[in-house]
Protein chains: 2
Amino acid sequence: MVKSPRAKGPRTVTRATINDVAREANVAIKTVSRVLNNEANVRPATRERVLHAIKALNYSPNLAARGLAGSKSFLIGLLYDNPSPHYMNGVQIGALARCRAEGFHLLVEVCTPETKNVTQQILTMIAQTRVDGVILTPPVSDNEAVLEALRRDGMPYVAIAPPKLSDVPLCVHMDDLRAAYDMTTYLLKLGHRRIGFIKGHPQHGAASLRYNGYREALSDHGIKFERTLVKQGYFSFESGVDCANAILQGSALPTAIFAANDDMAAGAMAVAHQRGLSIPGDLSIAGFDDTPVASLTWPGLTTIRQPIVEMAAGAADLLLATIKERHHAGTPAVALARRFQHEIVLRASTAVPRT
Amino acid sequence: MVKSPRAKGPRTVTRATINDVAREANVAIKTVSRVLNNEANVRPATRERVLHAIKALNYSPNLAARGLAGSKSFLIGLLYDNPSPHYMNGVQIGALARCRAEGFHLLVEVCTPETKNVTQQILTMIAQTRVDGVILTPPVSDNEAVLEALRRDGMPYVAIAPPKLSDVPLCVHMDDLRAAYDMTTYLLKLGHRRIGFIKGHPQHGAASLRYNGYREALSDHGIKFERTLVKQGYFSFESGVDCANAILQGSALPTAIFAANDDMAAGAMAVAHQRGLSIPGDLSIAGFDDTPVASLTWPGLTTIRQPIVEMAAGAADLLLATIKERHHAGTPAVALARRFQHEIVLRASTAVPRT
DNA sequence: CCAATGTGTGACAGCGTTGTCAACAAACAG
DNA sequence: CTGTTTGTTGACAACGCTGTCACACATTGG
């Protein structure tokens, strides 16, 4: 391992190259490469020798060179434009775990909505970095133009919670309708008969699914739907406050309010406190998402947990599998959608209604 | 632009290379390279011609090739191990903005604390990806072994909020002591004389600074410090609940409680609600960090905003400047610490005490 | 007017890896 | 025992770019 004559700057250590390993193990560099890539047809003894040399020299392959020579860059792009830190954090944790396990690295890129040409921006990123695949989070996963561009480019991608499953070859998602249905059913089983609902942002696909879940549950249990118990919110705390105030202004009060996300549920809670309604004694409140705020309210908020981390990990799995398969055979994988199970998290904000 | 004979897989588009651009502009590839890297000694007319060809072919340089040939990878590593989504999100947004602006990409890596050898893990990452520099967030920025390894390796790095400024060549930070001092002073100015304090996690460097700020402010305003008004918390909601209960159990109640972070302040709020104390009428409550929860409580929480995004952007700036300079001259930059200004965010949880 | 010094440009050799293909040994079928 | 397949290895040429150096052509000072 000789210091390269082109070395520059104050780097203090020299790194072993595949050449050094080959020399150490007394094989050709190609053989080292084979071991590195887990290719077949290397005698176990030889493989062992190479592995030993690798460890001895503390060698790790140069990604740039691998990317240049081969076709894989061992880079996965994570495209995001999500206002919710909690959501993105979960996605990153999940995706990162799988990528690392498979020897891939995660490149994150924000797609600011104000950017004129998100599509071009993404394509440029791909051209530069030669990522092996990309993970799309909502609302980027909703962007038709982006999806089309990726398809055109032949870039493997997986969408997290896309609005229409049929649009994408690979995706992971959760059954928002079913989750809302379950939560509503849970409230009904507790004995609630008048359940208010605060709708989510009208442009958010999942929001209407949640509302539909609520309606279906009511109808399936023979409860008459009451228009006055439903208000249009926008996923914000403030809209939750407004809606809760509107709902609680009526003459026939509900005994429970189900909000389409936790922030709005927190707003409803604030209103209840303000009006002197005890939770859950006078009013049960349920949220959706299990964001950190759900455990920081008093009382703790009953809500629905989306398995974000697991979903992201699943997304990464799907993507990595496709990348490997493609590299192996060149055949595109069939469309695959993996559904993840939600979970009702029971905290102290819901209970049997006072009669 | 001929399709490479080594092309493989279902890629549907071929990308222009520097060769294509050179041919198009009728210059040598080296000249294109010069234009790409903004080198001197290219006649304006030639530069223009090259730029035109680049645009015409929609060319963007291959990072892997650049990294392999030159010494820069145009990759910045973001090392993190932060339990707070809000914090990490801010850091990423800030860092990403600057990196993109300078043509760099962001590679994120988690350092799970349970991992046996964080240092080795980081070094391997560096060896593989050849990042040009790394950004360290707390608590990784506290890890002596990691810092030492990076120094040894000659890898430029910048630390966000390191415990000791002198330890690192490059860092950004905020004056936690001063911030707590200011908040305490604000409460004193409102007329509060008995102010409770909930301390942060004893192992967190910033936590003790915040406590010191509280003490200094009291002492500077001639207020006697009372041991019973201070409790040891752990940054969690639950510890906030416990501490607030303990503080409010005494005979002489405080008129305000200042918690070392927002989660604990939320806990204190819950306790106040539970005890029937009105906020801010009977009890003012202040937090620290301005996490999303501060706007989701009722009433809104008065707290201190750390300019996370700006700090991260500043960190990226510092790092990128160093990288460029180093590449230019090979001389290491002098140690640089940039301090950022905090800001008191006034919401509804604090007011003049009832007499 | 000549040497000495810039400028602008290009030829060419790497950078550290993988793909291709050939060489050879061992195992197998006829 | 021969011809063929299968398994194992290596030589060598890419991959797309940058560093080095050389060269042609101004420009300058004596």
Side-chain angles (χ1 to χ4, degrees), chain A residues 1-9 11 14-23 25-50 54 57 59-74 127-130 327-328 330, chain B residues 1-9 11 14-23 25-50 54 57 59-74 127-130 327:
Chain A
M1 183 165 81
V2 180
K3 197 171 191 325
S4 154
R6 288 176 76 176
K8 199 180 172 180
R11 300 244 33 246
T14 32
R15 287 184 222 291
T17 72
I18 199 172
N19 248 297
D20 302 318
V21 177
R23 200 176 315 123
N26 201 25
V27 295
I29 57 173
K30 180 65 218 192
T31 301
V32 178
S33 172
R34 274 192 264 264
V35 172
L36 249 35
N37 292 287
N38 258 310
E39 285 175 29
N41 298 339
V42 177
R43 209 182 306 160
T46 313
R47 184 180 299 273
E48 211 52 50
R49 201 143 38 92
V50 172
I54 288 176
L57 297 175
Y59 163 80
S60 38
N62 182 328
L63 274 199
R66 297 234 263 183
L68 187 54
S71 24
K72 337 175 223 182
S73 66
F74 295 94
Q128 289 185 169
T129 63
R130 301 290 205 269
H327 205 80
H328 217 62
Chain B
M1 186 165 81
V2 181
K3 197 172 193 317
S4 154
R6 288 176 76 176
K8 199 180 172 181
R11 301 243 34 244
T14 32
R15 289 185 220 290
T17 72
I18 199 172
N19 248 297
D20 302 318
V21 177
R23 200 176 314 124
N26 203 24
V27 294
I29 56 173
K30 179 65 217 192
T31 301
V32 178
S33 171
R34 275 192 263 265
V35 172
L36 249 35
N37 293 287
N38 258 310
E39 285 174 29
N41 298 341
V42 177
R43 209 181 306 162
T46 313
R47 184 181 299 274
E48 211 52 50
R49 203 143 36 90
V50 171
I54 287 176
L57 296 175
Y59 164 80
S60 36
N62 182 329
L63 274 201
R66 296 233 264 183
L68 189 54
S71 26
K72 338 176 221 181
S73 66
F74 295 94
Q128 290 185 169
T129 61
R130 302 288 205 271
H327 205 79

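It should be emphasised that the depicted structure is a prediction, and the values quoted were computed from it without experimental measurement. So that the names make sense, note that chain A is the first sequence line, chain B the second, and so on, each numbered from 1.
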In whole angstroms, the gap separating P of dT8(D) from CD of Glu48(A) amounts to 15 Å
Ala127(B) and Ser60(A) have their tightest heavy-atom pair at CB-OG, 3.2 Å
Its contact letters, B for base, S for sugar-phosphate only and - for none at protein heavy atoms under 4.0 Å, make nucleotides 5-10 of chain C read --SSBB
- Task: Answer yes or no: is there a donor N or O on one side and an acceptor on the other, between the side chain of Ser73(B) and the main chain of Arg130(B), under 3.5 Å?
- Result: yes
Of all heavy-atom pairs linking Thr17(A) and Tyr59(A), the shortest is C-CE1, 3.5 Å
Discussion item. Is any side-chain heavy atom of Ser33(A) closer than 4.5 Å to one of Ile18(A)?
Written reply: yes
In whole angstroms, the gap separating C1' of dC17(D) from CD1 of Ile54(B) amounts to 13 Å
Between its two end axes (five pairs each) the helix from dC1(C)-dG30(D) to dG30(C)-dC1(D) turns, nearest 10 degrees, through 30°
Between the protein and nucleotides 22-28 of chain D, list every N/O to N/O distance that falls short of 3.5 Å.
none

Task: Any side-chain donor near an acceptor of the partner, Arg66(A) and Asn37(A), under 3.5 Å - done: yes
Atom CD of Glu39(A) and atom C1' of dT9(D) are separated, to the nearest Å, by 12 Å
In whole angstroms, the gap separating C1' of dT17(C) from CZ of Arg130(A) amounts to 16 Å
Can you tell me if CG on Asn26(A) sees more than 12 non-hydrogen neighbours from other groups inside 6.0 Å?
no
Leu68(A) atom CG is separated from dG14(C) atom P, nearest whole Å, by 16 Å
Separation of dG16(D) atom P from Leu63(B) atom CG, nearest Å, is 14 Å
| task | Give Phe74(A) one of three labels, base, sugar-phosphate or nothing, depending on what nucleic acid heavy atoms sit under 4.0 Å from its own. | result | nothing
ask   = Are any side-chain N or O atoms of Arg49(B) and backbone N or O atoms of Ala25(B), one a donor and one an acceptor, separated by less than 3.5 Å?
value = yes
Taken to the nearest whole Å, CD1/Ile18(A) to C1'/dG19(C) is 13 Å
All heavy atoms of Leu68(B) vs all of Asn62(A), minimum pair found to be CD1-ND2, 4.3 Å
The reported gap from CG in Asp20(B) to CZ in Arg15(B) (rounded to nearest 0.5 angstrom) is 12.5 Å
Any side-chain N or O of Ser33(B) below 4.0 angstrom from OP1/OP2 of dC17(D)?
no
request  = Taking the side chain as every heavy atom from C-beta outward, state whether Asn38(A) and Arg47(A) have any pair of such atoms under 4.5 Å apart.
outcome  = yes
Examine dT18(D): is either OP1 or OP2 under 4.0 Å from a nitrogen or oxygen in the side chain of Asn37(B)? Give yes or no.
yes
Rounded to whole Å, the CG-C1' distance (Leu57(A) to dG16(C)) equals 15 Å
(Q) Taking the side chain as everything from C-beta on, heavy atoms only, tell me whether Ile54(A) gets closer than 4.5 Å to Leu36(A). (A) yes
